[in-house]
Amino acid sequence: MPSRSHPLRWAVELDGAGRHPAAWRLPAARPEELFTAAHWRRLAATVEAADLDLLVVADAYRLQSADERDQRGRLDAVAVAAHLAPLTRRTGLVPVVTTTHTEPFHTQKAIATLDLTSRGRAGWQVEVSTTAVEADLFGRKAAAPDEELWGEAAETVDVTRRLWDSWEDDAIVRDLATGRYVDRDKLHYVDHAGQFFSVKGPSITPRSPQGQPLVVVPVRHAPSLALAVAEADVVRLETADPAQASAWAAALPRATVLLDVEVLLRRDAAEAADVAAQLDAWSPAHAPRTLRHVGTPETFLDLLGDLPDGVGGVGVVPLDLPVTLDLLASDVVPRVARPVVHGTTLRERFGLSRPASRYAEGVPA
């Protein structure tokens, strides 16, 4: 089969034994290791060897299922990404961080720290918490409608970006002669007062290698699309409808647009169908959240050759790990054209310039 001629971007979202809650029961899953660092190191090594653009670490403030037969529980996404930072060199590390019950100050500090420890390969996927169960875990406020949650997320992203800019690039002077470590005139108050937050700043973390780490936004409806239009560097579309994907992509001319695909791969199509049927028999309540592909590397390549207009790549969500990820890395990615990568940071990888701090002298407001 010939390679796809149009270059594609790749993200892969990793979560336990895979997105399917019954995947832990498959022979290759190693369920006793799912909450170990070794599990994540093995997966990251495969992603890094395939030189995928983004490794997204899934997270949420809820258990995946109420069924005791399903895989439940996660490690903290930012902590996992931080562990992988010194063990990887090229792939972008993108933890999911929920905005609904998290202060912007904490979020910006965590992602800026990840950008420093990864030497400029950090991103942040924005997410919201929609359920009363999640709200009850925190006990500070009730669950809210999508419009309010994504409005709060938009304000969080704006505040976070301001805090990332609150240290100018040359704020640290380390002047041994005068004993001065920081030029205090180059640390800035953000003085944000909005609907959901009041934040004075500045950050306590120096400006990171990228200045502004990549912001990734999942789009699944109008409220999330509004945030993506305003703030996203990379967008993940969650839809099985090609027409809907094209319409959303058309509204996002400045972002890199990926179509999410839940994937289960085997070298034999009948085996792939049998595995998927077994997973659904073990956990029949699981439904696809986006486009789903069950098949072989060859049939997945066919899908990649017919992506909707405006889509520049895929966000692969393996239903099972590690088998699907291994086949993706060995039998799919090498047969697809890739954009030429210049530089070492994630912004450079996506062809984005490094912005100056908005508070630096001479930078337009």
Side-chain angles (χ1 to χ4, degrees), residues 1-15 18-20 23 26 28 42-56 88-94 121 123 216 234-240 242 245-246 249 255-276 288 290-344 346 348-351:
M1 177 175 294
S3 298
R4 176 185 166 97
S5 58
H6 183 66
L8 287 184
R9 295 286 185 187
W10 294 88
V12 61
E13 179 183 300
L14 302 181
D15 187 8
R19 176 171 283 184
H20 202 293
L26 294 176
R42 279 193 296 270
L43 297 178
T46 302
V47 174
E48 175 87 354
D51 197 23
L52 302 186
D53 297 299
L54 302 177
L55 189 165
V56 179
T88 53
R89 297 180 59 190
R90 292 174 58 81
T91 295
L93 300 172
V94 183
R121 291 181 293 113
V216 181
V234 177
V235 174
R236 297 175 59 190
L237 306 181
E238 296 183 7
T239 179
S246 293
T256 298
V257 178
L258 311 178
L259 176 63
D260 270 16
V261 187
E262 295 182 354
V263 181
L264 189 149
L265 297 178
R266 294 297 186 272
R267 296 194 187 278
D268 178 78
E271 181 187 359
D274 288 345
V275 173
T290 185
L291 182 66
R292 175 175 288 189
H293 182 83
V294 174
T296 67
E298 288 71 25
T299 60
F300 190 45
L301 283 164
D302 288 340
L303 181 152
L304 296 177
D306 194 28
L307 291 174
D309 291 341
V311 171
V314 287
V316 178
V317 187
L319 289 174
D320 73 306
L321 293 165
V323 177
T324 289
L325 179 63
D326 290 342
L327 285 173
L328 178 77
S330 64
D331 289 30
V332 178
V333 175
R335 299 163 68 180
V336 178
R338 309 288 300 281
V340 177
V341 175
H342 300 287
T344 60
L346 195 52
E348 289 171 332
R349 189 180 185 101
F350 277 80

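Residue numbers count from 1 along this sequence.
Taking both residues in full, the closest heavy atoms of V333 and A50 are given as CG1-O, 3.8 Å, listed atom of the first, atom of the second, then distance. When every heavy atom of V316 is checked against every heavy atom of F300, the shortest pair comes out as CG2-CZ, 4.2 Å. The minimum heavy-atom distance between V257 and G310, with the atom names listed, is CB-O, 3.7 Å. For the residue pair G313 and L307, the shortest heavy atom distance occurs at O-CD1, 4.3 Å.
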- Message: R267 vs T296, test: side chain to side chain donor-acceptor pair (under 3.5 Å). Steps then yes/no.
- Response: CA-CA 5 Å; R267 296 194 187 278; T296 67; over 6 Å; no
- Task: Check step by step if salt bridge (Lys or Arg N to Asp or Glu O under 4.0 Å) holds for R89 and D51.
- Result: CA-CA 10 Å; R89 297 180 59 190; D51 197 23; over 6 Å; no
- Message: Working note: R19 + D320, criterion side chain to side chain contact (heavy atoms under 4.5 Å, CB included); need CA distance, chi angles, decisive distance, verdict.
- Response: CA-CA 7 Å; R19 176 171 283 184; D320 73 306; over 6 Å; no
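Of the possible polar contacts, one joining the D53 side chain to the W10 backbone as a donor-acceptor pair under 3.5 Å is found. With T299 contributing its side chain and G295 its backbone, the two residues share no donor-acceptor pair below 3.5 Å. When atom types are taken as modelled, the side chain of D268 and the backbone of E271 share a donor-acceptor pair closer than 3.5 angstrom.
Annotation: side-chain hydrogen bond (donor to acceptor under 3.5 Å, both in side chains) contacts of E48 (sequence neighbours excluded): T91.
Two residues are said to be in side-chain contact when any heavy atoms from C-beta on lie closer than 4.5 Å; L264 and P318 fail this criterion. No side-chain heavy atom of V317 sits under 4.5 Å from any side-chain heavy atom of T290.
Here L93 contributes atom CG and L346 contributes atom CG; the two are 8.5 Å apart, rounded to the nearest 0.5 Å.
A salt bridge does not link R121 with E348: every distance from a Lys NZ or Arg NE/NH1/NH2 to an Asp or Glu carboxylate oxygen is 4.0 Å or more.
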